[in-house]
Amino acid sequence: MLESKLCQAVIEAVQNLYGLQLAEKDVSLQKTRKEFEGEFTIAVFPFVRVSKKSPEATATEIGQYVKDNLTEVADFNVIKGFLNLQITKEYWLKFLSTHQNEANFGFTKTEESEVVMIEYSSPNTNKPLHLGHVRNNLLGWSVAQILKANGKNVVKVNLVNDRGIHICKSMLAWQKWGNSETPASSGLKGDHLAGKYYVLFDKYYRAEVAEMIATGIEKEIAEKQAPLMLAAQEMLRKWEAKDEVIIKLWETMNAWVYEGFEQTYHRMGIDFDKTYYESSTYLLGKLIVEKGLSDGKLIRKADQSVWADLTADGLDEKLLLRADGTSVYMTQDLGTAHLRHEEYQPKQMFYVVGNEQNYHFDVLKLVLHKLGYKWSDNIYHLSYGMVELPAGKMKSREGTVVDADDLMDEMEKTAYEKALELGKIDDFENEEAKQLYATIAMGALKYFILKVDPQKNMLFNPDESIDFNGNTGPFIQYTHARIKSLLKKASSDLCNIAADIEILPKEKEIIRLLHEYPSVIKLAGENRSPALIANYAFELAKEYNGFYQEITILKEENDDLRNFRLSLSVFTANTIKSAMGLLGIEVPERM
RNA sequence: GGUCCCGUAGCUCAGUUGGAUAGAGCAACAGCCUUCUAAGCUGUGGGCCACUGGUUCGAAUCCAGUCGGGAUCACCA
C-alpha cells in the first residue's frame with residue numbers, strides 16, 4: 001500500500017538523518033488540503049526536537065530523502081512545517097488501469113475461520129416494526145456487509161421476542177374483542193393486526209385502572225389488580241404450562257406476525273442467516289445460572305431468588321431468577337449467548353441494540369465473565385442512538401410512533417411525485433418506473449439514516465419528507481445513473497491508458513478518492529460505522545459531478561484524454577455502486 | 001442522586017482518532033441547459049466548535065470542572 005510505503009520512507013528518513021527510531025503511528029500521514037500542491041502531507045513538528053532545525057528545514061530534508069528513495073514520489077514542497085508529497089502520474093495511471101474494473105476493489109478476501117456473529121432487529125411479536133427498528137435493521141445489515149468486505153465470515157442472526165406478558169396482552173385482546181378477525185378477513189398485515197389488539201388491550205386496561213382509581217383504590221394497586229392484567233398474567237401461566245388452546249392461539253397469531261415481518265424485511269432488503277426464538281431459548285439460561293450457583297459464583301436469597309453480586313465492579317446486584325424460579329430477560333440472554341457460542345464459536349459477537357440498553361450489556365458481559373466464560377470478552381454491544389421526533393421520543397400511547405411500512409409507502413409516493421414532476425419517467429415502462437420509485441425511495445431513506453454516526457441520536461421530522469437533493473441517497477444514485485448513460489454512449493473499449501497525458505486537478509482529486517476507498521472500508525469495519533461509507537460515497541459523487549460539469553468527456557477529441565476520462569468514469573461508477581451496496585442501497589442504470 | 005452518552009452555521013449532519021484559514025447539505029439570495037441526464041453545477045451571506053481552566057510546538061478533538069439535553073439505575077423486554 002502506498003500510504004504505508006510513504007510512512008516507512010519517512011521513518012527511514014528520520015532514522016538516517018537524525019538517528020531516531022519511529023513507529024508507524026508516530027508519522028501523521030494525511031491528505032493534502034486542496035489549496036496546496038501534492039496528495040499526501042506529513043506534519044514534521046514532532047521531529048524538530050531531534051533534528052534541531054527549523055520545521056521548514058526538517059521538512060525539506062525529509063522530503064528530499066523520500067523523493068530520492070521512493071520512485072512513487074515525484075516531488076515535494078514545504079509550507080510551514082508541513083511536507084506535501086506529490087505522487088507520480090505513472091503511479092496514478094497504473095492504479096487506475098489496474099483497478100478500474102476490479103470486481104471487489106477494496107474488499108478483503110473472506111477468511112472462513114474468522115466467524116463473526118451479528119444480531120440485529122430483535123422484534124417483539126406484539127406490534128409492527130417502527131422507525132427505531134428501521135435504524136436497527138439498516139445498521140445491522142450494513143455493518144454485516146462491511147464486516148464481510150473486511151474478510152469476516154459473517155453470520156447474521158435475529159432474536160425474536162415471541163413470548164412474555166406483552167404477547168399475551170394482544171392475544172387476550174384478540175380473544176375478547178377480535179370476532180375471529182384474521183389478516184385475510186381484515187386485509188390487514190399480520191403484524192399490524194396484532195398491533196391493533198395490543199393497542200386495544202392498553203386502551204381497555206387503562207379504562208379499568210381509571211375506574212378503579214375513581215372508586216378510591218390506589219393507583220399502584222389498581223394497575224396490578226385490574227382484571228385485564230390479571231387475565232393476561234393468567235394467560236402467561238397457561239402458556240408456560242403449555243395449555244393447548246393458548247399455544248394454538250399463540251402459534252396462529254405469531255404466524256400472522258411473521259408473515260408481516262417477512263414482507264417488511266423483504267421490502268427493506270434485509271435478511272438473516274438464522275433466526276432464534278426466545279420461546280425456545282429462554283430456559284437455557286437457567287442451566288447456566290444453576291451451574292453458577294453450585295460453583296458459588298451467584299447467591300440465593302431467602303426468598304429463593306438468585307442474584308449476581310456486581311457491587312465489587314461498581315454496579316448493583318442483578319436478579320437472574322425470580323423467587324418462583326422463572327427467568328428474566330438477562331437470564332435468557334445468558335442462555336442465548338452460550339448457545340451461540342456453542343454453535344459457532346464466533347471470534348466476535350455483535351449485538352445491535354439501542355443505547356438505552358448500555359447497562360444491560362455491561363451487566364451481561366460482567367456476569368458471563370464472573371461465571372468463568374472467557375468468550376464474554378468477544379461480546380460487543382453496537383450501541384446506537386435513538387431516533388427522535390421534533391417533539392421528542394416516539395410514544396405509542398400518544399400515537400407518535402412512525403410505522404416502518406407507512407414510512408416506506410410515504411417515501412415511494414414522494415419518489416413518484418418527484419419523478420413525475422421532473423419528467424424523469426416519461427419513457428419508462430410501467431414496471432421499470434415502479435422499480436425506480438422503490439429504488440429511489442429506499443435509497444433516500446437508507447442513506448438518510450445511515451449517514452449519521454450510529455452512536456448519536458438523530459432527528460426525524462415526519463412533516464418534512466426526506467430530501468432528494470444535496471447530501472442524499474438519490475443524489476448519489478443520480479450520479480451513478482448519469483455515468484451509466486455516458487458509458488452507454490461511449491462505444492469504445494477502455495483498455496490501455498496512455499502515459500503522456502496531463503491530469504487536471506479535478507481528475508487527480510477523483511483518483512485520490514478512489515485510491516482511498518480500501519482504507520475507508522477498513523476504517524468503517526473497525527468502527528462498525530456505515531456512516532463513514534455513506535459520507536465517502538457522497539464525497540466521491542460530489543467530486544465527480546464537479547468534474548462532469550466542467551470537463552468534456554465524450555466529446556473530447558484527443559482519444560487518450562477521452563479514454564482516460566472514461567476510465568475515471570467507469571471506476572467511479574463501480575465504486576459508487578460498491579459503496580452503496582455496503583449500505584444496502586441499489587443504484588439505478590438510469591433515472 | 002450514582003453511572004454512561006451528547007452539545008459544531010437558523011435547521012440536519014461531517015470533521016480521517018492532536019495538525020495548516022473548522023466543512024457539506026437544507027433553507028435564503030444571485031447566476032448556469034441550441035453541447036455527455038439541471039434529482040446537476042458555480043457564487044454570496046451565515047461560527048465565542050456550550051462555558052472555564054489545564055496538557056504542548058499546535059486542541060472542535062485529550063484531561064478536570066461548570067452549564068444544558070438525553071439514557072439508565074425494574075422480580076419489563
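Order of the sequence lines fixes the chain letters, A, B, ..., with proteins taken first and strands second; residue numbering starts at 1 for each chain.
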Watson-Crick or G-U counterpart of B:C33, or none if no pair lies under 3.5 Å: none
Sugar-phosphate, base or nothing in reach of A:Ile551, heavy atoms under 4.0 Å: base
B:G70 and B:C75, which share atom name P, separated by this distance in whole Å: 25 Å
Sugar-phosphate, base or nothing in reach of A:Asp324, heavy atoms under 4.0 Å: nothing
Residue A:Glu388, side-chain atoms from C-beta onward, closest of B:G19, B:C41, B:G70: B:G70
Listed nucleotide nearest any side-chain atom of A:Gln455, set B:C6, B:A20, B:G40: B:C6
C1'-based separation of B:G25 from B:G40 [nearest Å]: 14 Å
Base partner of B:A71, which must satisfy Watson-Crick or wobble distances under 3.5 Å: B:U3
A:Lys365 NZ: over 12 foreign heavy atoms closer than 6.0 Å: yes
Working for side-chain contact (heavy atoms from CB on, under 4.5 Å), residues A:Glu240 and A:Arg237: CA-CA 5 Å; A:Glu240 294 210 2; A:Arg237 273 191 291 277; 5.8 Å; no
Under 3.5 Å donor-acceptor pair, A:Asn527 side-chain atoms to B:U17 base atoms: yes
Closest to the A:Ser485 side chain, choosing from B:U37, B:C75, B:U35: B:U37
B:C33 versus B:C41 - spacing of their C1' atoms, nearest Å: 11 Å
Minimum-distance pair of heavy atoms, taken over all atoms of A:Ala308 and A:Leu320: CB-CD1, 4.0 Å
Rounded C1' spacing from B:A22 to B:U34 in Å: 43 Å
Sugar-phosphate only, base, or nothing, as touched by A:Met386 at under 4.0 Å among non-hydrogen atoms: nothing
A:Lys489 side-chain N/O to B:U37 phosphate OP1/OP2 under 4.0 Å: yes
Phosphate OP1/OP2 of B:U56 contacted by A:Arg49 side-chain N/O (<4.0 Å): no
Touch class at under 4.0 angstrom, heavy-atom based, for A:Pro55 against every strand present: nothing
A:Leu459 side-chain proximity, nearest of B:C76, B:C13, B:C36: B:C13
For B:A14, the Watson-Crick or wobble partner whose two distances fall under 3.5 Å: none
Complement of B:A27, any strand, by Watson-Crick or G-U distances under 3.5 angstrom: none
Touch class at under 4.0 angstrom, heavy-atom based, for A:Asp453 against every strand present: sugar-phosphate
Side-chain N or O of A:Lys456 closer than 4.0 Å to phosphate OP1/OP2 of B:G7: yes
Per-pair stack call A:Phe538 and B:A24, 5.5 Å, 30°: no
A:Phe82 or A:Pro454, whichever maps to the more 5' nucleotide of RNA chain B: A:Pro454
Touch class at under 4.0 angstrom, heavy-atom based, for A:Glu278 against every strand present: sugar-phosphate
Pair A:Glu526-A:Asn150, side-chain donor/acceptor within less than 3.5 Å: no
Aromatic stack A:Tyr478/B:G40: centroid gap under 5.5 Å, interplanar angle under 30°: no
Which nucleotide in B:U12, B:C41, B:G19 has an atom nearest any side-chain atom of A:Gln30: B:G19
Touch class at under 4.0 angstrom, heavy-atom based, for A:Asn84 against every strand present: base
Side-chain-base donor-acceptor pair under 3.5 Å for A:Asn469 and B:A38: no
A:Lys424 vs B:A39: side-chain N/O to OP1/OP2 distance below 4.0 Å: yes
Under 3.5 Å donor-acceptor, A:Asn558 side chain and A:Leu561 backbone: yes
A:Arg482 side chain near B:C41 phosphate (N/O to OP1/OP2, under 4.0 Å): no
Closest to the A:Asn358 side chain, choosing from B:C36, B:C4, B:A14: B:C4
Backbone N/O of A:Glu223 and side chain of A:Tyr205: donor-acceptor pair under 3.5 Å: yes
Stacking of A:Phe45 on B:G19 base (centres under 5.5 Å, planes under 30°): yes
Short side-chain to backbone donor-acceptor contact, A:Asn527 and A:Ser529, under 3.5 Å: no
Base partner of B:G53, which must satisfy Watson-Crick or wobble distances under 3.5 Å: B:C63
Presence of A:Lys418 side-chain N/O under 4.0 Å of B:A38 phosphate oxygens OP1/OP2: no
Side chain of A:Arg322 (C-beta onward), nearest among B:G23, B:C75, B:C13: B:C75
A:Thr41 (side chain) and B:A20 (base): donor-acceptor pair under 3.5 Å: yes
Minimal non-hydrogen separation, A:Pro123 against A:Asn158, with atom names: CD-OD1, 3.4 Å
Whole-Å distance separating the CG atom of A:Leu320 from the P atom of B:A74: 14 Å
Selected nucleotide, minimal atom distance to A:Phe475 side chain, candidates B:U35, B:A77, B:G40: B:G40
Side chain of A:Lys542 - closest among B:A24, B:C73, B:A77: B:A24
A:Asp316 side-chain proximity, nearest of B:C73, B:C76, B:U16: B:C73
